[in-house]
Amino acid sequence: PADFGPLLAALQLDHGEDWREVRRLITPLSVRRPDVIPEFLAAVAELPGEQQQRVSEVLGRIEPNTLAQLAKRHRDYLEAKHQR
């Protein structure tokens, strides 16, 4: 299982003017490791409310509904894997 603690902690930081750099934290998950997206989404869901809200807000800055987009990316990954 993946350890998302460091990633979740980084997502909760105040990124100030560098908020666009958050995409670089998420891209490897979405592009290189779509197989662990459900674990990431579960880790976000397990965060206490305020921390979960902060992660959602930060991710929402790079793209609205980022968590939903990640879930879709995982479904697409599974579909493509099944078609092979």
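The model shown is predicted, which means the values in this text are computed figures rather than measured ones.
Side-chain contact check for E79 versus H82: every heavy-atom pair is 4.5 Å or farther apart. You'll find the side chain of R75 stays beyond 4.5 Å of the side chain of L78, heavy atoms only. Looking only at side-chain heavy atoms (C-beta outward), L59 and R23 stay at 4.5 Å or farther from each other. A heavy-atom distance below 4.5 Å is not found between the side chains of Y77 and I37.
The line from OG1 of T66 to CD of E57 is 12.5 Å long, rounded to the nearest 0.5 Å. Rounded to the nearest 0.5 angstrom, E39 CD and L29 CG are separated by 10.0 Å. In this structure, D18 CG and R24 CZ are separated by 10.0 Å, a value rounded to the nearest 0.5 Å. Separating the CG atom in L41 from the CZ atom in F4 is a distance of 8.5 Å, to the nearest 0.5 Å.
Taking every heavy atom of both residues into account, V44 and Q52 meet most closely at O-NE2, 3.0 Å. The two residues L25 and A10 make their nearest non-hydrogen contact at CD1-CB, 4.2 Å.
No donor-acceptor distance shorter than 3.5 angstrom exists from the side chain of S30 to the backbone of I26, with no hydrogens or angles considered. Not one N or O on the side chain of Q12 forms a donor-acceptor pair closer than 3.5 Å with the backbone of Q51. Side-chain atoms of H74 do not come within 3.5 Å of backbone N or O of Q69 as any donor-acceptor pair.
The environment of D35 atom CG is dense: over 12 non-hydrogen atoms of other residues, nucleotides or ligands sit within 6.0 angstrom.
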Problem set entry | Residue pair H15, V58: steps toward the side chain to side chain contact (heavy atoms under 4.5 Å, CB included) verdict | CA-CA 9 Å; H15 299 280; V58 169; 4.1 Å; yes
